[in-house]
Student: 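Below you will find the structure I want to go over with you.
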Amino acid sequence: PQAVAKCRSAGIKVIMVTGDHPNTAKAIGRAVGIISPGVHTADELLTSQVLSSHSKPQAIVIHGSRLTDMTDSDIEGILKNYPEIIFARTSPTQKLRIVEGCQRAGLIVAVTGDGVNDAPALRKAHIGIAMGITGTEVAKQVADMILLDDNFASIVSAIEEGRLLFDNLKKTISYALTANIPEL
């Protein structure tokens, strides 16, 4: 949960895409913080009839069978309107459509995966991250990076280090330019 919270505070949207049953995916999503405590999914609000004019769902769980019937603009609408998203019972083709939808929305997409079924999405993403311990050889071959410890928190640490490095690089370049302009 802490790693997902760090991602959110850094402006990174974490979306879960899995082949698991929607109820299993929702339970895992809640446990790791993809669905925040106290947040109800769209289907929970509809079934509990708690939906009022001021309660807009913040989370949604989309079943792969529903995803099949959606247009690209429907997918983009979900990505835009829901801060907490889980796609469940998805096929490799659907995972790829989700990645493409994120990219069309202008997002930089990183995908983690461990199986052959994840390979198309790993390849299409801006950054494909394969699991080093549980990952198949196919996933490792198509990925841009291999996560040696299979721990999502390691990705978050790498992002923090990368952003720090980028900030320091900008400062160095700025200093070099301002210090050397008088010489021109």
Student: Look only at the side chain of Asp167 and the backbone of Leu164, and say whether a donor-acceptor pair between them is shorter than 3.5 Å.
Tutor: no
Student: Between Arg163 and Ile159, is any pair of side-chain heavy atoms under 4.5 Å apart?
Tutor: yes
Student: What I'd like to find out is whether the side chain of Ile86 reaches to under 4.5 Å of the side chain of Ile35, using heavy atoms alone.
Tutor: yes
Student: How many angstroms lie between atom OG1 of Thr112 and atom CD1 of Ile129, to the nearest 0.5 angstrom?
Tutor: 6.5 Å
Student: Any side-chain heavy atom of Cys7 within less than 4.5 Å of one from Val156?
Tutor: yes
Student: To the nearest 0.5 Å, how far apart are CD1 in Ile28 and CZ in Arg30?
Tutor: 13.0 Å
Student: Would you kindly confirm whether Met70 and Ile85 end up in one hydrophobic cluster when ILVMFWY residues are joined by side chain heavy atoms under 4.5 Å apart?
Tutor: yes
Student: Nearest heavy-atom pair of Asn81 and Pro83: which atoms, and what distance?
Tutor: O-CD, 3.8 Å
Student: Kindly compute the distance separating OG (Ser157) from NZ (Lys6), expressed to the nearest 0.5 Å.
Tutor: 6.0 Å
Student: Please assess Leu147 against Ile155 for the test side-chain contact (heavy atoms from CB on, under 4.5 Å), listing each intermediate value before the final yes or no.
Tutor: CA-CA 8 Å; Leu147 189 60; Ile155 298 170; 3.9 Å; yes
Student: Do Val142 and Val109 share a hydrophobic cluster, counting only Ile, Leu, Val, Met, Phe, Trp and Tyr and linking them when any side-chain heavy atoms are less than 4.5 Å apart?
Tutor: yes
Student: Give the minimum heavy-atom separation between Ala88 and Asp20, together with the two atoms involved.
Tutor: CB-O, 3.4 Å
Student: State whether the number of non-hydrogen atoms from other residues, nucleotides or ligands found under 6.0 Å of Arg8 atom CZ is greater than 12.
Tutor: yes
Student: Run the numbers on Thr41 and Glu84 for side-chain contact (heavy atoms from CB on, under 4.5 Å), then give the verdict.
Tutor: CA-CA 9 Å; Thr41 62; Glu84 301 176 1; over 6 Å; no
Student: Should Met16 and Ile60 be counted in the same cluster of Ile, Leu, Val, Met, Phe, Trp and Tyr side chains packed under 4.5 Å apart?
Tutor: no
Student: Would Glu100 and Leu96 count as a side-chain contact (heavy atoms from CB on, under 4.5 Å) if you check the C-alpha gap in whole Å, the side-chain angles of each, and the deciding distance to 0.1 Å?
Tutor: CA-CA 6 Å; Glu100 291 169 343; Leu96 184 60; 3.8 Å; yes
Student: Looking only at heavy atoms, which two atoms of His126 and Leu107 are closest? And how far apart?
Tutor: CE1-O, 3.4 Å
Student: Could you state the interatomic distance from CG (Asp149) to CE (Met131), rounded to the nearest 0.5 Å?
Tutor: 9.0 Å
Student: Measure across Tyr82 and Ala42 and return the closest heavy-atom pair with its distance rounded to 0.1 Å.
Tutor: OH-CB, 4.2 Å
Student: Look up atom CD1 in Ile62 and atom CD1 in Ile15, then write down how far apart they are to the nearest 0.5 Å.
Tutor: 11.0 Å
Student: Give me the atom names and distance for the closest heavy-atom approach of Pro22 to His63.
Tutor: CG-CD2, 3.3 Å
Student: Enter the distance from Leu122:CG to Ile127:CD1 here, rounded to the nearest 0.5 Å.
Tutor: 12.0 Å
Student: Less than 4.0 angstrom from a charged side-chain N to a carboxylate O is my criterion; do Asp43 and Lys26 meet it?
Tutor: yes
Student: Can you see which heavy atom on Leu67 is nearest to which on Arg97, and at what distance?
Tutor: O-NH1, 3.2 Å
Student: Give the C-alpha distance, both sets of side-chain angles, the deciding distance and a yes or no for side-chain contact (heavy atoms from CB on, under 4.5 Å) between Phe152 and Val32.
Tutor: CA-CA 10 Å; Phe152 183 76; Val32 300; over 6 Å; no
Student: So, the side chain of Thr172 versus the backbone of Asn168: is there a donor-acceptor pair under 3.5 Å, distance only?
Tutor: yes
Student: Under 3.5 Å, is there a donor-acceptor pair between the side chain of Gln94 and the main chain of Gly64?
Tutor: yes
Student: Can you tell if the side chain of Asp74 reaches within under 4.5 Å of the side chain of Ile78, non-hydrogen atoms only?
Tutor: no
